[in-house]
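Heads up: the structure comes next, in structure tokens.
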Amino acid sequence: MSYRVRRLRIVRGDPSILHVDLDAMFAAVEQRDKPSLRGKPVVVGGVAGRGVVSTASYEARVFGVRSAMPMAQARRLAPWSTAYLSPRFAAYKRTSEVVMRLLGEVSPLIEQVSIDEAYVDLAATGTDLSVDGVTALALELKARIATATGGVTGSIGAASSKLLAKIGSDLNKPDGLTVVPPGEELAFLHPLPVNRLGGVGPATEQRLHRSGVRTIGDLAAVSLEHLIDWFGQSHGAGLFRLARAQDDRPVISEREAKSVSAEETFGIDVTDPVRLKRELDLLSARVAGRLRSGGLAGRTVNIKVRHGDFTTVTRAFTRDHPTDDGRLVAQLARRLLSEVDTSGGIRLLGVGVSTLTDFAQDDLFSETQHAADLFPVLPVAGISDEPAMIAAPPPAAILSAVPADGPAPVTSGPSSPESSKSPEFPAPEGSGVAQTGAEPGTEDGPVAWRPGQDVLHDEMGAGWVQGSGLGRVTIRFEGPLTVRGPVRTFAVDDPRLHPTDPPSWVIS
DNA sequence: TCTGGGGTCCTAGGACCC
DNA sequence: TCTGGGGTCCTAGGACCC
């Protein structure tokens, strides 16, 4: 006997959805870890010239500092005693994991929305779903979060829908709790300003204000026809429903990534084409590395260019086959960049890959073919194990040029073909750690390296560079190579950083 | 010292196919 | 001769979220 499963429109009666939101999380973690900052204004974000605020502590918010505000403006507003800090994502991630584990003990069905935010569905847990029951559970959860994180607090909203739970968690921040009793949804919702609704940003808010719509109650008085006329079918109809508290979006625990991207805003607008090329290569390598670590590959390569005047253009190209090869991505990205006028200077450059598939589904043969098409002139060193084909300056000369910070030895040895895409060309064996920056476990931290993993693919058998932050890069190897030297680190502004110029990186 | 970086979703228009 | 219509894929841009 088989059943056809359908998604039923279940309108919940109970406040069985929690939205948990950690309060000013980045700043709270900093204040937890650095007692001298407690009680003082703390601003976390891009500290350098063009940075923006990620999170301001509540002490800083008093002075009007807000998320997404230019750091320069924050500095003008906040007092002398304010601490300005670069984010330490690894620390935030650890705290996040502690909290998510606690949520997982409350219900198996949790949806993590971001590093500091999650929905919890209590419907299937056997919890007492009365207002009193949910209130008691939420209070206990809040206490456990504060204890487990060493003092980082969370605000919780509990309601019969995601929409109301989310609004509720925001209402009494910080350290707040709002439970919306069944039947009181509209009374709760309608007095609030329209921008409390998810999906109502500055543009939508402005358009609504022009029509005299300021509260969600006002919005509920607008006809569906008007809303669709103003905002299009999807957005218009969505607003119509949300204004009536009609929201049956389920809590979904797993979501598949749709795109992977990396971008960089330069401290000063860049005009130099060579520099732009190099940045494109680094961004491509970063994206490809993340694709591979996620077991993904994509068919569409996108670039994003922001000009000095903040106008932004994108260009995209869709291949027939998915790739996770940084050099292929870089090649296409460069072609796309050549279609854009960069003579006036570029503020931001970005590279992305979308139309993703699990890489396991890809046809290895066609992928290899495609790569060969792109590099027809070059001898495919990959098919030979003749190192002379990729002759290069002696690695010792390269590696000794810049002193390494904390090199760990990498030993040469036999292949580990199982994770290599070109099994006949052994990836170097061994393991190593490259010191790249601040904290273990972050992109900027020491990067553990294992053979066949996280190795940039290179048919030409060239050594290759993967960029990471804080002025350091990690060197990675693949191909018919024997790695003799230790993994080293280099200053990012090293002029030899040309991932697309393999000979300068080959170690044979 | 104006405006980060990682995403998601939607729309509109053109190409192309049936 | 006049001009179909729906569906899908792709590209570019924009709004929005944390």
Side-chain angles (χ1 to χ4, degrees), chain A residues 19 21-26 43-56 66-77 84 86-87 89 92-93 96 111-119 162 166 169-170 194-208 228 230-239 242 249 252 255-269 283 286-287 290 294 299-320 336 339-340 347-356 443-444 469:
Chain A
H19 182 259
D21 196 342
L22 301 179
D23 302 315
M25 188 222 199
F26 293 4
V43 178
V44 182
V47 173
R50 285 171 162 175
V52 301
V53 175
S54 294
T55 309
R66 295 283 178 272
S67 294
M69 173 183 282
M71 190 60 80
Q73 192 183 348
R75 286 185 197 276
R76 266 180 256 125
L77 292 172
Y84 301 93
S86 290
F89 287 106
Y92 312 149
K93 185 141 182 275
S96 174
E111 175 176 342
Q112 186 171 353
V113 182
S114 69
I115 194 165
D116 64 353
E117 211 183 301
Y119 291 99
K162 281 182 158 182
K166 166 115 173 123
S169 72
D170 204 38
V194 278
N195 65 6
R196 290 278 185 165
L197 288 177
V200 178
T204 304
E205 187 185 18
Q206 261 206 348
R207 179 65 190 82
L208 289 172
I228 291 177
W230 295 344
F231 301 112
Q233 177 62 47
S234 174
H235 195 199
L239 289 175
L242 292 184
R249 289 171 298 166
I252 296 170
R255 218 180 284 253
E256 283 177 12
K258 299 253 162 66
S259 67
V260 174
S261 66
E263 62 185 50
E264 188 182 358
T265 295
F266 306 119
I268 301 166
D269 293 357
L283 292 167
R286 218 142 82 195
V287 168
R290 278 163 46 202
R299 292 170 48 226
T300 306
V301 173
N302 317 269
I303 65 157
K304 175 170 159 184
V305 174
R306 179 119 73 208
H307 294 103
D309 64 0
F310 224 71
T311 56
T312 306
V313 299
T314 60
R315 291 291 179 270
F317 177 78
T318 300
R319 287 160 37 86
D320 287 342
L336 292 169
E339 299 170 9
V340 179
R347 178 191 179 91
L348 170 149
L349 193 57
V351 174
V353 172
S354 53
T355 329
L356 301 183
E443 270 192 15
D444 294 336

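Residue numbering restarts at 1 for every chain, and letters A, B, ... go by the order of the sequence lines.
Comparing the same atom, P, in C:dT3 and in B:dC17 gives a spacing of 24 Å after rounding to whole Å. Atom name C1', nucleotides B:dG4 and C:dC16: the rounded distance is 15 Å, in whole Å.
Between A:V340 and A:H307 there is a side-chain heavy-atom pair separated by less than 4.5 Å. The side-chain heavy atoms of A:F231 and A:V200, taken from C-beta on, include no pair separated by under 4.5 Å. Using a 4.5 Å heavy-atom cutoff, the side chains of A:T55 and A:D116 are not in contact.
The distance from the CD1 atom of A:I252 to the OH atom of A:Y119 is 11.5 Å, given to the nearest 0.5 Å. Put simply, NE2 on A:H19 and CD on A:E117 are 3.5 Å apart, with the number rounded to the nearest 0.5 Å. Rounded to the nearest 0.5 angstrom, A:L197 CG and A:T204 OG1 are separated by 10.0 Å.
Within the shown strands, C:dC16 is the pairing partner of B:dG7 under the Watson-Crick or G-U definition, both distances less than 3.5 Å.
Rounded to an integer number of Å, the gap from CG of A:L283 to C1' of B:dG6 is 13 Å. Between the CZ atom of A:R255 and the P atom of C:dC17 there is a distance of 15 Å, given to the nearest Å. Rounding to whole angstrom units, CG of residue A:N302 and P of B:dT8 are separated by 11 Å. One atom, CE of A:M69, and another, P of C:dC18, lie 17 Å apart when rounded to the nearest Å. A:I268 places its CD1 atom 12 Å from the P atom of B:dT3, with the value rounded to the nearest Å. In this entry the distance linking OH of A:Y84 with C1' of B:dT1 reads 13 Å, nearest Å. At whole-Å resolution of the value, CZ in A:F26 and C1' in B:dG6 are 11 Å apart. If you measure from atom CD of A:E263 to atom P of B:dT8, you get 13 Å, rounded to the nearest angstrom.
Within the 4.0 angstrom heavy-atom criterion, no nucleotide atom of any strand lies near A:Q73. Looking at heavy-atom distances under 4.0 Å, A:A68 makes contact with a base. Residue A:V53 is out of contact with every strand shown, counting any heavy-atom pair closer than 4.0 Å. Within 4.0 Å of A:D116, counting heavy atoms only, lie sugar-phosphate atoms of the nucleic acid but no base atom. Among the protein residues, A:R306 comes within range of the sugar-phosphate backbone only, with heavy atoms under 4.0 Å from sugar or phosphate atoms but none that close to a base. Here A:G350 lies out of heavy-atom contact (under 4.0 Å) with every strand. Nucleic acid contact for A:V113: none, since no nucleic acid atom lies under 4.0 Å from a heavy atom of the residue. In this structure, A:R50 reaches the sugar-phosphate backbone alone: every heavy-atom distance under 4.0 Å involves primed, P, OP1 or OP2 atoms, never a base. Among the heavy atoms of the strands lying under 4.0 Å from A:L348 are primed sugar atoms or P, OP1, OP2 only; no base atom is included.
Of the candidate nucleotides C:dC10, B:dG6, B:dG4, C:dC10 has the atom lying nearest to any side-chain atom of A:T318. Of the candidate nucleotides C:dC18, B:dG6, B:dT1, B:dG6 has the atom lying nearest to any side-chain atom of A:A262. Checking B:dT3, B:dG7, B:dT11 against every side-chain atom of A:P70, the shortest atom distance belongs to B:dT3. The nucleotide whose nearest atom lies closest to any side-chain atom of A:S54 is, among B:dG6, B:dG4, C:dC18, B:dG4. The side chain of A:K166 approaches C:dC18 more closely than any other nucleotide in the set B:dG7, C:dC18, B:dG5.
Side-chain N/O atoms of A:R299 include one lying less than 4.0 angstrom from OP1 or OP2 on C:dC10. The shortest distance between the side-chain N/O atoms of A:K258 and the OP1/OP2 oxygens of B:dC9 is below 4.0 Å. Distances shown here put a side-chain N or O of A:R347 below 4.0 Å from the OP1 or OP2 atom of B:dG4. Contact between the side-chain N/O atoms of A:R290 and the OP1/OP2 oxygens of B:dG7 is found at a separation under 4.0 Å.
Looking at A:R347, its side chain never comes within 3.5 Å of a backbone N or O of A:D269 through a donor-acceptor pair. In this structure, A:S259 contributes its side chain and A:A257 its backbone to no donor-acceptor pair below 3.5 Å. The backbone N or O of A:I115 sits less than 3.5 Å from a side-chain atom of A:S96, completing a donor-acceptor pair.
A pairwise comparison of heavy atoms in A:G199 and A:H235 identifies O-NE2, 3.2 Å as the closest pair.
When each of A:S259 and A:D309 is assigned the nucleotide of DNA chain B bearing its nearest heavy atom, the one mapping closer to the 5' terminus is A:D309. The residue among A:T265 and A:S234 whose nearest nucleotide of DNA chain B lies closer to the 5′ end is A:T265.
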Atom pairs under 3.5 Å: protein N/O with N/O of nucleotides 12-15 of chain C:
from	atom 1	to	atom 2	distance (Å)
C:dA12	OP2	A:A316	N	2.6
C:dG13	OP2	A:T314	N	2.9
C:dG13	OP2	A:T314	O	3.4

